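The first residue of the sequence shown is numbered 1, and numbering continues consecutively from there. If you're wondering where the values come from, they're calculated on a predicted model, not measured in any experiment.
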Amino acid sequence: MASNATDEIAFDFRPYFILYKDGHVDRLTENDFVPPSLNPEGVSSKDVAIIPELGVSARLFLPKLDAGDPHRKLPILVYFHGGGFCFVSAFCSLFHGYLTSIVTEANVIAVSVDFRRFTEHTLPAAYDDCWAALQWVASHSAGEAEPWLSEHGDFDRITIIGDSAGGNIVHNMAMRAGREEVGRGVKLDGAIFGHPYFCGAEAVGDEVKYPEKKAQGDYIWMLTNPTTVGLDDPQINPIAVGGPSLSGLGCARVLLCVAGNDILRDRGLLYYERLRSSGWKGTVELLESEGEEHVFHLYNPTRENARIIMPHIVSFLN
């Protein structure tokens, strides 16, 4: 019996997603929707529309305000979630819990961006959405509609952060911020890279030993960005020959996190070295979690190495 065309698999990336030949995708992980809430530590959250016609939105987090100084301005954290540009959202339990923890520990306002994803949309849609979200945040420096930002945000202390594909988005947003105005004279203060998703045509480090893993990462990039020039596109390979210099990174400080057992570790280390030697005027800190896997801190936040990462983020933000 002939198989149903809708059941024919084009790309099997379990346990995360399965892409079928007819173009639809089964997202297998973290598809749960967690509503905004007020948690026991006093962190409030709510959802806002940024570009309603495109479905671009965000979840905002506000820490418990100091009763003695309720008008004190707080740092602003803009978070871009991972998922290979394909799966999970800003509203799933994984990221809701993670952002709540950061907001509790660091006493910051957080904006977790929900951008358009593959297969419904291809890159550069996610990049465009995240840039629009940054511009939306910056617009509140002039007192725009969202009071959590306009009344409590410190627009001199905006940090962008992301894990995996979100870390890739952090790089691309920081580079764009070096070329273009975010808006209202606002500049990025910091950028935190969590195990950023980069690749390239030539294998480096552990990619040589694990070609199948490298091939998966390469395929996701080519799949989600059909107009790319290839694996040495500067958007996915920031150190590619002929690409823009990292000296153009549009922020003052960087925290770069890598994991010892992550196939992406070596590309993160190359990024760190290239940034340091680029002539960029900012400061960069490297944090390596030895013996750990990709984005382990999201799935195992109570692990000792995960508990080490959080204080570094808190210190960076404050």
#### Entry: Min side-chain heavy-atom separation E180-Q135 under 4.5 Å
no
### Message
Check this for me, if you would: do R27 and E120 make a salt bridge, where the nitrogen-to-carboxylate-oxygen distance has to be below 4.0 angstrom?
### Response
yes
### Task
Could you walk me through whether R303 and E293 pass salt bridge (Lys or Arg N to Asp or Glu O under 4.0 Å), step by step?
CA-CA 12 Å; R303 288 178 68 90; E293 302 289 342; over 6 Å; no
### Query
Considering only heavy atoms from C-beta outward, does the side chain of I109 approach that of L62 to under 4.5 Å?
yes
### Message
Check this for me, if you would: do E273 and R276 make a salt bridge, where the nitrogen-to-carboxylate-oxygen distance has to be below 4.0 angstrom?
### Response
yes
#### Entry: Residue pair N168 / P196, side-chain heavy-atom distance below 4.5 Å
no
### Task
Step through the shown structure and confirm whether more than 12 heavy atoms of other residues, nucleotides or ligands are within 6.0 Å of NZ on K187.
no
### Message
Can you classify the ring geometry of F11 versus Y219 as parallel (below 30°), tilted (30 to 60°) or perpendicular (above 60°)?
### Response
tilted
### Query
Would M173 and F80 count as a side chain to side chain contact (heavy atoms under 4.5 Å, CB included) if you check the C-alpha gap in whole Å, the side-chain angles of each, and the deciding distance to 0.1 Å?
CA-CA 10 Å; M173 295 304 99; F80 308 120; 3.9 Å; yes
### Message
Using modelled atom types and a 3.5 Å cut-off, is there a donor and acceptor pairing between side-chain atoms of S101 and backbone atoms of G97?
### Response
yes
### K64 NZ: over 12 foreign heavy atoms closer than 6.0 Å
no
#### Entry: Aromatic ring pairing Y197/F85, orientation class (parallel under 30°, perpendicular over 60°, tilted between)
tilted
#### Entry: Closest contact, heavy atoms only, D32 versus S93
OD2-OG, 2.7 Å
### Message
Treating D26 as the side-chain partner and L28 as the backbone partner, does any N or O pair qualify as donor plus acceptor under 3.5 Å?
### Response
no
### Task
Treating Ile, Leu, Val, Met, Phe, Trp and Tyr as nodes and any side-chain heavy-atom pair under 4.5 angstrom as an edge, say whether V229 and W221 lie in one connected cluster.
no
### Task
For the residue pair R274 and L270, establish whether any side-chain heavy-atom pair is separated by less than 4.5 Å.
no
### Message
Are the side chains of L19 and F118 in contact, using a 4.5 Å heavy-atom criterion?
### Response
yes
### Message
For F193, does the six-membered ring have the charged nitrogen or CZ of R267 within the cation-pi criterion, i.e. under 6.0 angstrom from the centroid and within 45° of the normal?
### Response
no
### Query
Does a donor on one side chain and an acceptor on the other come within less than 3.5 Å for N39 and T100?
no
### Message
Using 0.5 Å steps for rounding, measure from the CD atom of Q235 to the OG1 atom of T228.
### Response
6.5 Å
## Note on the structure
On a heavy-atom basis, the closest approach of G200 and D232 is CA-OD1, 3.7 Å
### Task
For atom CD of E53, decide whether the heavy atoms of other residues, nucleotides or ligands shown that lie under 6.0 angstrom number more than 12.
yes
### Task
Report yes or no: do L60 and I51 belong to one cluster of Ile/Leu/Val/Met/Phe/Trp/Tyr joined by side chain heavy-atom distances under 4.5 Å?
yes
### Query
So which heavy atom on W280 is nearest to which on L249, and how close?
NE1-O, 3.2 Å
### Task
Keeping the roles fixed (side chain from D189, backbone from I158), state whether a donor-acceptor pair exists under 3.5 Å.
no
### Task
State yes or no: do V108 and L38 share one hydrophobic cluster built from I, L, V, M, F, W and Y residues joined by side-chain heavy-atom distances below 4.5 Å, directly or via other members?
no
### Expected output: side-chain H195 to main-chain V295 donor-acceptor under 3.5 Å
yes
### Query
Are I236 and L269 joined in one hydrophobic group, where the rule is that I, L, V, M, F, W and Y side chains link up if heavy atoms are under 4.5 Å apart?
yes
### Pair D163, H297: side-chain N/O donor-acceptor within cut-off below 3.5 Å
yes
### Heavy-atom pair of closest approach, residues P75 and D154
N-CB, 4.3 Å
### Query
Which of these passes salt bridge (Lys or Arg N to Asp or Glu O under 4.0 Å) with R265: E292, E288, E290?
E288
### side chain to side chain contact (heavy atoms under 4.5 Å, CB included) assessment of L188 paired with L134
CA-CA 10 Å; L188 298 182; L134 273 180; 4.2 Å; yes
### Message
Go through it in stages, so that I can follow the logic: the residues are V113 and D129, the test is side chain to side chain contact (heavy atoms under 4.5 Å, CB included), and I'd like the CA-CA distance, side-chain angles, deciding distance and then a yes or no.
### Response
CA-CA 8 Å; V113 181; D129 295 348; 5.6 Å; no
### Task
Could you label the plane-to-plane angle of the Y271 and H171 rings as parallel, tilted or perpendicular, counting under 30° as parallel and over 60° as perpendicular?
perpendicular
#### Entry: CA sep, side-chain torsions, deciding dist, call: T227, N225, side-chain hydrogen bond (donor to acceptor under 3.5 Å, both in side chains)
CA-CA 6 Å; T227 62; N225 193 355; 3.3 Å; yes
### Query
Looking at F61 versus H96, is the centre-to-centre ring distance below 6.0 Å?
yes
### Query
Between H24 (side chain) and Y20 (backbone), is there a donor-acceptor pair under 3.5 Å?
no
### Query
Ion pair present between D114 and R59, side-chain N to carboxylate O less than 4.0 angstrom?
no
### Query
Does any N or O in the side chain of S141 come within less than 3.5 Å of the main-chain N or O of A138, such that one atom is a donor and the other an acceptor?
yes
### Query
What is the minimum heavy-atom distance between A110 and V103, and which atoms define it?
CB-CG2, 3.6 Å
### Query
Hey, what do you get for CZ (R72) to CG (N107), rounding to the nearest 0.5 Å?
5.0 Å
### Message
Angle between ring planes, W136 versus H140, binned at 30° and 60°: parallel, tilted or perpendicular?
### Response
perpendicular
### Under 3.5 Å donor-acceptor, K73 side chain and E151 backbone
yes
#### Entry: Side chain proximity check, F115 to D128, heavy atoms < 4.5 angstrom
no
## Note on the structure
Here the gap from E105 atom CD to E41 atom CD, rounded to the nearest 0.5 Å, amounts to 9.0 Å
### Task
Could you pull out the closest heavy-atom pair between V170 and I192, with the gap in Å?
CG2-O, 3.9 Å
### Task
Please tell me if the side chains of E207 and D266 come closer than 4.5 Å, counting only heavy atoms from C-beta onward.
no
### L286 and V258, any side-chain heavy atoms less than 4.5 Å apart
yes
### Query
Is it true that a side-chain atom of S45 and a backbone atom of S37 form a donor plus acceptor pair closer than 3.5 Å?
yes
### Task
Working to the nearest 0.5 Å, report the span between CG of L231 and CD of E202.
12.0 Å
### Query
How far apart are the C-alpha atoms of L317 and I102, what are their side-chain angles, what is the distance that settles it, and do they pass the side chain to side chain contact (heavy atoms under 4.5 Å, CB included) test?
CA-CA 10 Å; L317 293 173; I102 294 178; 4.0 Å; yes
### Query
Under 4.5 Å between side-chain heavy atoms, hopping through other hydrophobics if needed: is there a path connecting Y98 to F316?
yes
### Task
With rounding to the nearest 0.5 Å, note down the distance linking CZ in R116 to OG1 in T122.
9.0 Å
### Message
So, taking the atom named CG in L223 and the one named SG in C86, what distance separates them when rounded to the nearest 0.5 Å?
### Response
6.5 Å
